[in-house]
S.K.: 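Can you keep this structure in mind? I'll have questions shortly.
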There are 2 protein chains.
Amino acid sequence: MQSPIWRDPVTAADRVLLEIQKAIVEGQIAPGSKISEPELAKRYDLSRAPLREALARLERCHLIERTPNAGARVVKLSVAGLVSLYQLRETLEGLACRLAAEHMSDDEIAQVQELLDQHLSTQRVREGESYYQEAGDVDFHYRIILGSKNPYLINLLCDELYFLVRMYRVQLGMNGPRVSRAFDEHKAIINAIANRDGELADLLMRRHIGASRRNIENHFKQQGN
Amino acid sequence: MQSPIWRDPVTAADRVLLEIQKAIVEGQIAPGSKISEPELAKRYDLSRAPLREALARLERCHLIERTPNAGARVVKLSVAGLVSLYQLRETLEGLACRLAAEHMSDDEIAQVQELLDQHLSTQRVREGESYYQEAGDVDFHYRIILGSKNPYLINLLCDELYFLVRMYRVQLGMNGPRVSRAFDEHKAIINAIANRDGELADLLMRRHIGASRRNIENHFKQQGN
DNA sequence: CTGCATGATATTGTCGACAATTTGTAATGA
DNA sequence: TCATTACAAATTGTCGACAATATCATGCAG
């Protein structure tokens, strides 16, 4: 990935972007709170120029919202926002599946299957440890998306939507009874791709993400907010 | 629309963004050419700060590509790029149709139908005048997209993909024998939405855009490049 | 003659200060 | 008491200059 978000940071703006991004996703900067440029510049010890560059990129991943001459605020999480976001994700990752079934090499597919087997074993060992679960999930989806070989789609899912999705998961404390089920679903998806059945992979992926959405949606309502 | 692209320009960065955007879309700044910050700053008579803000937004609509410490280049048009872009568009505007069928009010739907009738009559009068055709087409798609009521989808299609789509159409000189057929297709789509048949509207929209893509694709190959 | 190191030039990244605009506050009048 | 206005403070937008990096040309060794 060569995007300004995933490349290793070469510029001051890159570095501060990663830090603020993490702080927002993990809720250390509260949703809805105002972003003060002077304050952050002082906090991260740089001038406002690279900071503003970072803010522009944060707006690009929908983590903040800016209004001219009035500054930026961290996004608020809401059920409506979650639904809108996941509607997009379902469709886009479904498309990724169809394209992956067409464009992934047998080798690449085999690697993903291998990856899943690895995850399954380590997962059994570290049962319930949600970090590994999430990392594995991210890795799986990531590979399918790259497999689509569509640069716009890749950019969209990995750069512009990924962090907001992650923010919902992190801040609503997704661990999960869904873990083992998710593994089976992943397996079914990659198998469909291996059989070059894009239609089926698309359907399974949309269901997979739909289930995930309902899961988060429940946590949301349960946990108030 | 409140996005930094469609709001009327309040800041210097806004203004220069519109100018450069237009220049790139219309090919006055050649595809593949390097963007020189000092040169553009002098040309548009402002400092590099707002210019760089504008460049960040141009990157966001995929009109330029930046590499750290090395500057920006205008994107090149290619068949592969066109296909990738339209794959996305088909899926996304298909989704917009499904959502629009669910969320548009009867009033909003009636307004679009009215709009189409107006376009049909003015179009007969100004036969072949591609500007009006395109404006009408844009307007139609625009309304459906807004009708989806999904802010992420709206932002994506209207802000981040719209200008690149337009660049392909403009630079490959799309006028068209497809004009009258497109009107029929629009009519069919809004009728499906009026019947609350999201599935059908989705299908028809994907076909509509697919036909458009093949059309441009032919021009591309014909015209070399 | 080709390939690589070296240095001059130009471009991008960053800084601190100033200008323009908004936000918050207090005073005024109804 | 409430609304409105004027003013003060703070924040964002813009500027010009400097530092860090890349690009290009030149010269040298093989």
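Proteins get letters first, then strands, A, B, ... in listed order; numbering begins at 1 in each.
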S.K.: How close or far is atom C1' of C:dT12 from atom CG of B:L55, stated in whole angstroms?
M.R.: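 Rounding to the nearest Å, CG of B:L55 and C1' of C:dT12 are 11 Å apart.
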S.K.: Check the phosphate of C:dT14 against A:T11, side-chain N and O only, distance under 4.0 Å to OP1 or OP2. Yes or no?
M.R.: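 Yes, within the criterion.
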S.K.: In whole angstrom, give the distance that lies between atom CD of A:E37 and atom P of C:dT14.
M.R.: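 A:E37 atom CD is separated from C:dT14 atom P by 15 Å.
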S.K.: For the pair A:R15 and A:E19, find out whether any cationic side-chain nitrogen is under 4.0 Å from an anionic carboxylate oxygen.
M.R.: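 So A:R15 does not pair with A:E19 through a salt bridge.
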S.K.: From the options D:dG13, C:dC15, D:dC15, select the nucleotide whose nearest atom is closest to the side chain of B:S47.
M.R.: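 Taking heavy atoms from C-beta onward, the closest nucleotide is D:dC15.
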S.K.: Return the nearest nucleotide to the side chain of B:P50; candidates are C:dC15, D:dC15, C:dT12.
M.R.: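 Given the options C:dC15, D:dC15, C:dT12, the side chain of B:P50 is closest to D:dC15.
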S.K.: Expressed in angstrom and rounded to an integer, what is the separation of B:R73 atom CZ from D:dT23 atom P?
M.R.: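 Rounded to the whole Å, the gap is 10 Å.
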S.K.: Base, sugar-phosphate, or nothing: which does A:I35 touch, judged by heavy atoms less than 4.0 Å apart?
M.R.: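 Counting heavy atoms under 4.0 Å across all strands, the contact made by A:I35 is with sugar-phosphate only.
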S.K.: Measure from CD on B:E53 to P on D:dC15 and round the result to the nearest Å.
M.R.: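 Interatomic distance, CD of B:E53 to P of D:dC15: 13 Å.
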S.K.: From the list C:dG13, D:dT12, D:dT23, which nucleotide is the closest neighbour of the side chain of B:R66?
M.R.: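 So the nucleotide nearest the side chain must be C:dG13.
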S.K.: Could you please spell out the steps behind the side chain to side chain donor-acceptor pair (under 3.5 Å) verdict for B:D137 and B:H119?
M.R.: CA-CA 9 Å; B:D137 184 66; B:H119 285 163; over 6 Å; no
S.K.: If you measure from the Lys or Arg side-chain nitrogens to the Asp or Glu carboxylate oxygens, is any gap between A:D159 and B:R60 under 4.0 Å?
M.R.: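 Salt bridge: no.
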S.K.: Rounded to whole angstroms, how far apart are CZ on A:R48 and P on D:dG13?
M.R.: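 One finds 8 Å between P of D:dG13 and CZ of A:R48, rounded.
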S.K.: 5'-most contact on DNA chain D: A:A72 or B:N69, nearest heavy atom basis?
M.R.: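 Nearer the 5' end of the strand: A:A72.
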S.K.: For C:dG16, does either OP1 or OP2 sit under 4.0 Å from a side-chain N or O belonging to A:K42?
M.R.: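 No.
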S.K.: Evaluate whether atom NZ of A:K76 has more than 12 neighbouring non-hydrogen atoms of other residues, nucleotides or ligands under 6.0 angstrom away.
M.R.: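 Open: at most 12 neighbouring heavy atoms sit under 6.0 Å from NZ of A:K76.
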S.K.: Rounded to whole angstroms, how far apart are CZ on A:R52 and C1' on C:dT14?
M.R.: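 Going from A:R52 (CZ) to C:dT14 (C1'), I get 14 Å.
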S.K.: More 5' along DNA chain C: A:L46 or A:P68, using each one's nearest nucleotide?
M.R.: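 Counting from the 5' end, the first nearest nucleotide belongs to A:L46.
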S.K.: Just checking A:A12: base, sugar-phosphate only, or nothing, at a heavy-atom cut-off of under 4.0 Å?
M.R.: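 Answer is sugar-phosphate: A:A12 comes under 4.0 Å of backbone atoms only.
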S.K.: Are any of A:K34's side-chain N or O atoms less than 4.0 Å away from OP1 or OP2 of D:dT12?
M.R.: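 For A:K34, the contact criterion (side-chain N or O under 4.0 Å from OP1 or OP2 of D:dT12) is met.
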S.K.: Heavy atoms, side chains only, cut-off 4.5 Å: are A:E93 and A:I144 in contact?
M.R.: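 Contact flag for A:E93/A:I144 side chains = no.
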S.K.: How close or far is atom P of C:dG13 from atom CG of A:L51, stated in whole angstroms?
M.R.: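 Computing the A:L51:CG to C:dG13:P distance gives 16 Å.
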S.K.: For the pair made of CG in B:D14 and C1' in D:dG13, what is the distance, rounded to whole Å?
M.R.: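 Between C1' of D:dG13 and CG of B:D14: 11 Å.
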